[in-house]
Amino acid sequence: HAGRREVMTVDDARYRIGLETARNLDPEAPERLEAALKEVAPGLYRHIVESAFGDILSRTGLDPKTREIATVAALTALGHPRPQLRFHLNAALNVGCTREELAEVLVQMTVYAGVPAALNALYLAKEVFAERDAKGLS
(Lines give C-alpha, C1' and ligand atoms only; values in the text may rest on other atoms or scores of the structure.)
Protein backbone atom coordinates (compact mmCIF):
# COMPACT_ATOMS: atom_id res chain seq x y z
CA HIS A 1 0.00 0.00 0.00
CA ALA A 2 1.55 3.30 -1.14
CA GLY A 3 2.61 5.70 1.57
CA ARG A 4 2.74 2.99 4.22
CA ARG A 5 5.81 2.96 6.37
CA GLU A 6 7.34 -0.36 7.27
CA VAL A 7 8.27 -0.75 10.89
CA MET A 8 11.40 -2.71 11.55
CA THR A 9 11.03 -4.95 14.59
CA VAL A 10 13.79 -5.91 16.97
CA ASP A 11 13.81 -9.40 15.41
CA ASP A 12 14.17 -7.88 11.93
CA ALA A 13 17.21 -5.90 13.14
CA ARG A 14 18.71 -9.02 14.73
CA TYR A 15 18.06 -10.92 11.51
CA ARG A 16 19.75 -8.26 9.35
CA ILE A 17 22.74 -8.05 11.68
CA GLY A 18 22.90 -11.85 11.75
CA LEU A 19 22.86 -12.09 7.95
CA GLU A 20 25.62 -9.51 7.68
CA THR A 21 27.74 -11.29 10.30
CA ALA A 22 27.22 -14.69 8.68
CA ARG A 23 28.13 -13.31 5.25
CA ASN A 24 31.29 -11.74 6.68
CA LEU A 25 32.34 -15.19 7.85
CA ASP A 26 31.24 -16.93 4.64
CA PRO A 27 29.37 -15.10 1.87
CA GLU A 28 27.27 -18.19 1.04
CA ALA A 29 26.56 -19.28 4.63
CA PRO A 30 23.00 -18.01 5.05
CA GLU A 31 21.79 -19.56 1.81
CA ARG A 32 23.42 -22.93 2.57
CA LEU A 33 21.98 -22.98 6.08
CA GLU A 34 18.52 -22.03 4.87
CA ALA A 35 18.61 -24.70 2.15
CA ALA A 36 19.68 -27.32 4.68
CA LEU A 37 16.91 -26.49 7.14
CA LYS A 38 13.95 -25.21 5.12
CA GLU A 39 12.27 -28.58 4.62
CA VAL A 40 12.98 -29.95 8.08
CA ALA A 41 12.95 -27.00 10.50
CA PRO A 42 12.42 -23.68 8.71
CA GLY A 43 12.00 -21.69 11.93
CA LEU A 44 15.37 -22.86 13.17
CA TYR A 45 17.13 -21.10 10.30
CA ARG A 46 15.83 -17.69 11.35
CA HIS A 47 16.52 -18.45 15.01
CA ILE A 48 20.16 -19.35 14.27
CA VAL A 49 20.64 -16.22 12.14
CA GLU A 50 19.09 -13.98 14.81
CA SER A 51 20.52 -15.63 17.90
CA ALA A 52 23.91 -17.13 17.01
CA PHE A 53 24.95 -14.64 14.33
CA GLY A 54 22.84 -11.61 15.26
CA ASP A 55 23.19 -11.69 19.05
CA ILE A 56 26.47 -13.50 19.78
CA LEU A 57 28.87 -13.64 16.83
CA SER A 58 28.25 -9.97 16.00
CA ARG A 59 29.32 -8.75 19.46
CA THR A 60 32.26 -6.36 19.52
CA GLY A 61 34.06 -7.70 22.63
CA LEU A 62 36.33 -9.89 20.49
CA ASP A 63 37.66 -9.31 17.02
CA PRO A 64 36.39 -11.84 14.42
CA LYS A 65 39.72 -13.69 14.26
CA THR A 66 39.89 -14.24 18.02
CA ARG A 67 36.22 -15.21 18.11
CA GLU A 68 36.79 -17.83 15.39
CA ILE A 69 39.86 -19.26 17.16
CA ALA A 70 37.76 -19.70 20.31
CA THR A 71 34.95 -21.28 18.30
CA VAL A 72 37.27 -23.71 16.51
CA ALA A 73 38.78 -24.72 19.87
CA ALA A 74 35.35 -25.26 21.44
CA LEU A 75 34.01 -27.27 18.50
CA THR A 76 37.16 -29.38 18.52
CA ALA A 77 36.72 -30.05 22.23
CA LEU A 78 33.13 -31.15 21.66
CA GLY A 79 34.46 -33.65 19.15
CA HIS A 80 31.33 -34.32 17.14
CA PRO A 81 30.00 -31.21 15.34
CA ARG A 82 31.91 -31.76 12.07
CA PRO A 83 29.69 -29.57 9.84
CA GLN A 84 29.97 -26.65 12.25
CA LEU A 85 33.73 -27.14 12.66
CA ARG A 86 34.09 -27.23 8.86
CA PHE A 87 32.17 -23.94 8.63
CA HIS A 88 34.22 -22.28 11.36
CA LEU A 89 37.58 -23.49 10.00
CA ASN A 90 36.64 -21.79 6.73
CA ALA A 91 35.29 -18.73 8.56
CA ALA A 92 38.52 -18.45 10.56
CA LEU A 93 40.53 -18.42 7.35
CA ASN A 94 38.11 -15.91 5.83
CA VAL A 95 38.65 -13.46 8.72
CA GLY A 96 42.44 -13.65 8.73
CA CYS A 97 43.60 -16.77 10.56
CA THR A 98 46.40 -18.60 8.88
CA ARG A 99 46.46 -22.34 8.33
CA GLU A 100 49.45 -22.51 10.65
CA GLU A 101 47.55 -20.73 13.43
CA LEU A 102 44.59 -23.06 13.07
CA ALA A 103 46.86 -26.12 13.09
CA GLU A 104 48.48 -24.81 16.27
CA VAL A 105 45.08 -24.33 17.93
CA LEU A 106 44.17 -27.91 17.01
CA VAL A 107 47.49 -29.26 18.31
CA GLN A 108 46.89 -27.41 21.59
CA MET A 109 43.54 -29.19 21.83
CA THR A 110 45.40 -32.49 22.32
CA VAL A 111 46.04 -31.32 25.90
CA TYR A 112 42.53 -30.02 26.61
CA ALA A 113 40.22 -32.13 24.45
CA GLY A 114 42.28 -35.28 23.95
CA VAL A 115 44.28 -36.70 21.09
CA PRO A 116 41.31 -38.29 19.26
CA ALA A 117 39.31 -35.05 19.17
CA ALA A 118 42.34 -33.06 18.04
CA LEU A 119 43.24 -35.61 15.36
CA ASN A 120 39.69 -35.62 14.03
CA ALA A 121 39.80 -31.83 13.81
CA LEU A 122 43.22 -31.91 12.12
CA TYR A 123 41.95 -34.42 9.54
CA LEU A 124 38.99 -32.14 8.87
CA ALA A 125 41.28 -29.11 8.62
CA LYS A 126 43.35 -31.00 6.04
CA GLU A 127 40.16 -31.54 3.99
CA VAL A 128 39.17 -27.88 4.32
CA PHE A 129 42.64 -26.74 3.24
CA ALA A 130 42.55 -29.04 0.19
CA GLU A 131 39.07 -27.80 -0.76
CA ARG A 132 40.26 -24.21 -0.49
CA ASP A 133 43.37 -25.01 -2.56
CA ALA A 134 41.12 -26.48 -5.28
CA LYS A 135 39.13 -23.20 -5.27
CA GLY A 136 42.25 -21.03 -5.26
CA LEU A 137 41.58 -19.71 -1.74
CA SER A 138 44.20 -19.12 0.92
Side-chain angles (χ1 to χ4, degrees):
H1 182 283
R4 227 169 118 190
R5 221 177 91 174
E6 281 191 42
V7 176
M8 188 165 82
T9 68
V10 171
D11 283 347
D12 289 337
R14 291 170 64 219
Y15 183 73
R16 289 181 185 178
I17 291 167
L19 283 177
E20 180 182 339
T21 300
R23 286 190 177 118
N24 286 338
L25 297 174
D26 178 345
E28 299 170 359
E31 289 73 21
R32 278 198 320 271
L33 182 61
E34 184 176 29
L37 295 175
K38 71 180 174 184
E39 292 179 18
V40 180
L44 182 58
Y45 163 74
R46 185 163 178 123
H47 174 72
I48 290 171
V49 170
E50 290 172 355
S51 179
F53 292 101
D55 293 342
I56 304 300
L57 295 175
S58 66
R59 293 172 55 91
T60 58
L62 294 173
D63 63 90
K65 182 178 172 181
T66 302
R67 191 173 299 283
E68 285 304 313
I69 287 172
T71 303
V72 164
L75 291 170
T76 298
L78 286 173
H80 57 80
R82 285 181 55 91
Q84 293 80 16
L85 181 55
R86 177 182 296 279
F87 172 83
H88 285 284
L89 285 166
N90 274 298
L93 293 164
N94 291 342
V95 298
C97 288
T98 66
R99 294 175 184 202
E100 294 77 16
E101 288 170 326
L102 289 175
E104 191 61 32
V105 168
L106 299 178
V107 168
Q108 182 170 322
M109 290 299 99
T110 61
V111 175
Y112 297 99
V115 173
L119 283 176
N120 288 340
L122 283 162
Y123 295 145
L124 184 58
K126 184 179 176 183
E127 288 176 24
V128 168
F129 298 165
E131 290 164 2
R132 291 177 71 92
D133 286 344
K135 293 178 183 175
L137 300 171
S138 59

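There is a path of hydrophobic side-chain contacts, each under 4.5 Å, that joins L57 to Y15. Both L44 and L33 sit in one connected hydrophobic cluster of ILVMFWY residues. Membership requires side-chain heavy atoms under 4.5 Å apart, directly or through other members. Under the 4.5 Å side-chain heavy-atom criterion for grouping Ile, Leu, Val, Met, Phe, Trp and Tyr, F87 is connected to L37 within one hydrophobic cluster.
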Using the rule given for side-chain contact (heavy atoms from CB on, under 4.5 Å), can you reason through L85 versus R82, listing the C-alpha separation, both sets of side-chain angles and the distance that settles it, and then say yes or no?
CA-CA 5 Å; L85 181 55; R82 285 181 55 91; 5.6 Å; no
Pair V72-I69, side-chain contact (heavy atoms from CB on, under 4.5 Å): steps then yes or no:
CA-CA 5 Å; V72 164; I69 287 172; 5.9 Å; no
Please report the C-alpha distance between R14 and R46 in whole Å, then the side-chain angles of each, then the deciding distance to 0.1 Å, and finally whether the side-chain contact (heavy atoms from CB on, under 4.5 Å) criterion is met.
CA-CA 10 Å; R14 291 170 64 219; R46 185 163 178 123; over 6 Å; no
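Without hydrogens or angle criteria, N94 side chain to L25 main chain gives a donor-acceptor distance under 3.5 Å. Remark: side-chain polar atoms of R86 are not paired, donor with acceptor, to backbone N or O of E127 under 3.5 angstrom.
Counting heavy atoms from C-beta outward, F53 and L19 have side chains that stay 4.5 Å or more apart.
Between the CD1 atom of I48 and the OG atom of S51 there is a distance of 9.0 Å, given to the nearest 0.5 Å. Residue H88 holds its NE2 atom at 11.0 Å from CZ of R67, rounded to the nearest 0.5 Å.
P30 and A22 make their closest contact through CG-CB, 3.9 Å (heavy atoms, listed as atom of the first residue, atom of the second, distance). Shown here for E101 and G96, the closest heavy-atom pair between the two residues is OE1-O, 4.0 Å. Nearest heavy-atom pair across S138 and R132 is O-NE, 2.7 Å. Across all non-hydrogen atoms, the minimal contact from V95 to E68 is CG2-CG, 4.0 Å.
For E28, the salt bridge (charged side-chain N to carboxylate O under 4.0 Å, His left out) partners two or more places apart in sequence, or in a different chain, are R32.
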Scan the side chains in residues 102-119 for donor-acceptor partners under 3.5 Å anywhere in the protein, sequence neighbours excluded, and list what turns up.
residue, atom, partner, partner atom, Å
T110, OG1, V107, O, 2.7

